[in-house]
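One-based numbering along the sequence shown.
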Amino acid sequence: MPTMKIDGQEVEFTPGESVIQVCDRVGVEIPRFCYHEKLHIAGNCRMCLVEVKPGPPKPQASCALPAADKMEVFTTTPMVKKAREGVMEFLLINHPLDCPICDQGGECDLQDQAMAYGVGTSRYRDHKRAVEDKSMGPLIKTHMTRCIHCTRCIRFAEDIAGVPELGAVGRGEHMEITSYLEKSLTSELSANVIDLCPVGALTSKPYAFHARPWELKKTESVDVLDAVGSAIRVDTRGEAVMRILPRLNEEVNEEWLGDKSRYACDGLRTQRLDRPYIRKNGRLHPASWEEALALVAEKIVATKPEQMAAIVGNLACAESMFALKTFMTARGVQHLESRQDGAKIPTGARGDYIMNTPIAALEEADLVLMIGTNPRHEAPLVNTRLRKAYLRGGMEAYNVGAAFDLTYPVTQLGENPQILAEIAGGKHPLASKLKAAKKPVVILGAAALARADGVAIHAAAKTIGNFCQREGWNGFNLLHYAAARVGALDLGFVPGAGGKDMEGILKATGEGAISLVYLLGVDEIDMDYFGKAFVIYQGHHGDEGAHRADVILPGAAYTEKDGLYVNTEGRVQEGFRAIFPPGEAKDDWQIIADLARQMKKKLPFTTREELRTALVKAHPVFAKRGVTQTAPCTPPVAVHEKISAETFDYPITNFYRTDPISRASKTMAECTEMMMKNTRKAA
């Protein structure tokens with residue numbers, strides 16, 4: 001391998017690396033404002049200057065300088081020091097220096113680098129320029145006088161988000177960063193520009209003036225508002241979640257986070273269930289835990305197992321689902337369901353219901369077929385990987401279903417799902433393309449299976465997925481949008497012997513055959529289906545399930561408990577408690593354990609550690625955390641059931657309000673209003 005010297009230290013490098021990349025890899029600090037490893041190089045700020053030999057007798061920008069064999073780089077010479085001081089002086093000429101009132105204070109790159117590389121004085125005595133603030137929607141607060149024109153926000157919008165709604169107008173001192181015709185940003189990833197901004201020009205509007213970074217307690221966790229399982233950091237002060245930020249995880253979310261996952265956290269403080277309730281004379285009344293559990297126990301004892309059903313929702317953790325399943329199966333209940341949308345997802349083999357292609361590996365795909373899915377809204381950070389595959393290698397994308405703007409070119413094959421039978425049978429030209437591609441991928445939307453012909457849709461998709469099998473590459477993928485779904489299927493939270501599925505449970509409750517239903521965080525079902533059944537709701541928000549419930553047992557939200565979650569690619573991840581649940585609310589598994597004790601039927605675990613030991617013993621897949629696990633698929637089967645010509649329904653019509661937390665969020669309501677306003681303008 002070629003070698004170069006950095007400050008006298010000889011290092012190897014890979015051809016194609018820039019000098020700043022080599023320096024970062026070996027631990028030599030190079031200041032920068034415009035350079036970012038995930039964005040294309042701009043070379044705007046000139047802060048990363050270094051001295052190079054052999055070369056011209058002047059400092060050079062290390063971000064735009066390719067590493068060369070036998071090159072010598074110096075990062076601490078007087079020339080470099082003077083050049084960096086000069087650049088910093090120029091950057092601060094028009095900066096307002098309003099650090100005491102800036103929300104970026106305490107975590108500002110400009111502050112840090114001015115301290116480390118600046119001279120502490122300025123020779124500029126003229127008036128500073130002022131720039132009018134821009135409107136970028138309800139999430140991003142602007143103070144454009146602070147902008148240093150690094151263009152990170154512009155490059156993010158173009159490179160990553162794929163929504164080029166930011167640009168620069170004017171030249172020199174008159175240059176300004178602005179959105180298109182003062183329009184709010186429409187990307188579901190727009191708030192990432194706040195993290196990228198190295199100064200206080202773009203800050204968080206909902207978080208503005210609420211806290212300083214040194215006041216916050218920081219807890220690492222995972223996001224549950226979609227099925228990607230993004231790595232997050234929950235920042236709290238006292239018993240309030242102040243903000244949620246992304247953590248670096250190259251295998252899942254890189255360093256990005258969707259706007260809903262970032263900003264729906266204000267919904268954790270509103271419409272909360274903080275004490276038990278019992279319905280009397282048609283109205284819910286506060287009750288003690290003893291009263292609520294006694295009533296639930298009485299109803300369960302009086303109800304035959306075949307007349308009871310348990311359903312889990314989209315945000316449940318593995319521990320609570322395992323505890324509920326253990327409790328219900330001990331009572332002989334077989335009507336268990338986790339697919340509350342009614343999706344016909346096979347559970348015979350794990351490879352049939354996960355994304356077998358790891359999220360990070362999607363960047364290598366050269367051909368993608370999407371079936372009944374809109375990854376931009378169902379999994380925004382999966383969509384960014386597909387865009388990266390398009391930008392890097394010209395990935396071809398095809399879609400069966402409604403047309404969406406997915407930020408990369410997509411060839412529409414039509415909305416009639418019957419075309420899947422043609423592709424599966426090899427009669428469509430795409431079949432030969434899939435067979436000839438190096439790394440083809442099929443992405444089946446989970447909601448595409450929530451229809452009468454769901455089994456046939458899955459069978460056809462898996463047959464097509466069989467065209468995408470290569471050595472070390474499995475191209476069949478089921479893309480989920482619910483964080484609890486894969487974990488529930490791993491736990492076998494599906495109908496037992498003689499048990500009814502979601503459709504059967506709803507029909508039986510309407511007819512009176514099922515008279516008691518236990519809902520664990522279920523809010524996405526039309527509650528009218530439950531008829532006169534006795535409904536027990538365990539959850540954390542006063543959403544649809546709580547409005548229908550006869551007994552409410554207040555649980556903990558994902559930021560208020562330790563829990564295991566399995567993302568759409570089958571990666572088991574652990575979230576950690578950042579704050580305690582409000583009022584009298586409890587951890588979900590603890591509520592079920594208390595209910596069992598109330599009935600004199602203790603569960604085989606009394607602590608979280610014992611519960612996880614039992615969980616791993618019963619389901620070994622939960623023993624390996626933070627990694628993907630290859631899983632077998634069942635062999636493709638012939639499509640015995642005819643695929644309907646009915647077009648696909650999509651689960652997400654409003655990206656910003658998909659769950660009890662985001663529906664309780666004021667910020668998400670403002671984003672919804674902005675979206676509707678933009679839609680009306682476009683029409």
Worked check of side chain to side chain contact (heavy atoms under 4.5 Å, CB included) between Ile525 and Met502: CA-CA 10 Å; Ile525 297 174; Met502 194 70 244; 3.6 Å; yes
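- Atom OG1 of Thr407 sits about 4.5 Å away from atom CG of Asn383, to the nearest 0.5 Å.
- Within the model, atoms CZ of Phe327 and CZ of Phe322 stand 14.5 Å from one another, a figure rounded to the nearest 0.5 Å.
- Considering CZ of Arg548 and CD1 of Ile552, their distance stands at 11.5 Å, rounded to 0.5 Å.
- A donor and an acceptor atom, one from each side chain of Tyr353 and Asp490, are located under 3.5 Å apart.
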Verdict with supporting geometry, Phe476 and His458, ring pair (Phe, Tyr, Trp, His ring centres under 6.0 Å): CA-CA 11 Å; Phe476 175 71; His458 188 278; 5.6 Å; yes
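- None of Leu336, Leu520, Thr329 except one satisfies the side-chain contact (heavy atoms from CB on, under 4.5 Å) rule with Leu324; the exception is Leu520.
- At least one donor-acceptor pair closer than 3.5 Å links the side chain of Arg279 to the backbone N or O of Gly282.
- Using modelled atom types, one side-chain atom of Gln538 and one backbone atom of Asp588 make a donor-acceptor pair closer than 3.5 Å.
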Verdict with reasoning, Tyr263 to Ser204, per side-chain hydrogen bond (donor to acceptor under 3.5 Å, both in side chains): CA-CA 9 Å; Tyr263 282 118; Ser204 172; 3.0 Å; yes
Chi angles and distances behind the side chain to side chain contact (heavy atoms under 4.5 Å, CB included) call for Leu139, Ser190: CA-CA 8 Å; Leu139 304 180; Ser190 65; 4.0 Å; yes
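- Ion pairing between a basic and an acidic side chain is recognised when a charged N comes within 4.0 Å of a carboxylate O; Arg612 and Glu574 show such pairing.
- Here Glu188 does not pair with Lys260 in a salt bridge; the nearest charged N to carboxylate O distance is not below 4.0 Å.
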Derivation and outcome, side chain to side chain contact (heavy atoms under 4.5 Å, CB included), residues Asp550 and Tyr537: CA-CA 8 Å; Asp550 295 290; Tyr537 178 80; over 6 Å; no
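- Leu225 has its side chain within reach of Asp659: a pair of non-hydrogen atoms, C-beta onward, lies under 4.5 Å apart.
- A distance-only check finds no donor-acceptor pair linking the side chain of Glu220 to the backbone of Arg233 [under 3.5 Å].
- Considering only heavy atoms from C-beta on, Tyr529 stays 4.5 Å or farther from Ile505 through its side chain.
- At least one donor-acceptor pair under 3.5 Å links the side chain of His541 to the backbone N or O of Gly267.
- More than 12 heavy-atom neighbours from other residues, nucleotides or ligands sit within 6.0 angstrom of CD on Glu670.
- By the 6.0 Å contact criterion, NZ on Lys304 is open, its count of non-hydrogen atoms from other residues, nucleotides or ligands being 12 or less.
- Shown here is Phe404, whose CZ atom has more than 12 heavy atoms of other residues, nucleotides or ligands within 6.0 Å.
- For the salt bridge (Lys or Arg N to Asp or Glu O under 4.0 Å) criterion with Glu560, the lone passing option out of Arg577, Arg272, Arg269 is Arg272.
- Between the side chain of Thr326 and the backbone N or O of Pro604 there is no donor-acceptor pair closer than 3.5 Å.
- In this structure, CD on Glu319 lies 4.0 Å from CG on Leu564, to the nearest 0.5 angstrom.
- Note on ring orientation: taking the six-membered ring where Trp is involved, the planes of His210 and Tyr207 are parallel (angle under 30°, cut-offs 30° and 60°).
- Looking at heavy atoms from C-beta onward, Val252 lies in side-chain contact with Arg571 at the 4.5 angstrom threshold.
- Formation of a donor-acceptor pair under 3.5 Å by the His377 side chain with backbone atoms of Thr653 is not found in this model.
- Side chain of Lys325 to main chain of Leu491: a donor-acceptor pair is present (N/O by atom type, distance under 3.5 Å, no hydrogens or angles).
- Taking CZ of Phe605 as the start and CG of Leu611 as the end, the distance is 4.0 Å to the nearest 0.5 Å.
- The pair Asp453-Arg451 meets the salt-bridge criterion, with a side-chain N (NZ, NE, NH1 or NH2) lying under 4.0 Å from an Asp/Glu carboxylate O.
- Proximity of Arg376 to Thr384: side-chain heavy atoms (C-beta onward) are nowhere separated by under 4.5 Å.
- A salt bridge does not link Asp266 with Arg243: none of the charged nitrogens is closer than 4.0 Å to a carboxylate oxygen.
- Donor-acceptor pairing under 3.5 Å is recorded for the side chains of Asn314 and Gln340.
- Looking only at atom types and distance, the side chain of Gln590 has a donor-acceptor partner in the side chain of Asp594 under 3.5 Å away.
- Using a 4.5 Å heavy-atom threshold, the side chains of Thr568 and Tyr481 count as separate.
- Listed for the Trp289 side chain is a donor-acceptor partner under 3.5 Å among the backbone atoms of Glu584.
- Judged purely by atom type and a 3.5 angstrom limit, Asn567 uses its side chain to pair as donor or acceptor with the backbone of Val228.
- Neither side chain, Asn253 nor Arg247, offers a donor N or O lying under 3.5 Å from an acceptor on the other.
- Ion pairing between Asp235 and Lys217 fails under the 4.0 Å rule for side-chain N and carboxylate O.
- Nearest heavy-atom pair across Glu291 and Ser288 is OE1-N, 2.9 Å.
- Tested against Arg663 for a side chain to side chain donor-acceptor pair (under 3.5 Å), the candidates Thr658, Asp543, Thr270, Asp523 yield a single pass: Asp543.
- Side-chain N/O atoms of Glu610 and Thr606 include a donor and acceptor closer than 3.5 Å.
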Side chain to side chain contact (heavy atoms under 4.5 Å, CB included) between Asp587 and Phe580, intermediate numbers included: CA-CA 9 Å; Asp587 204 335; Phe580 288 93; over 6 Å; no
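- A donor-acceptor pair under 3.5 Å is formed between the side chain of Tyr650 and the backbone N or O of Ala402.
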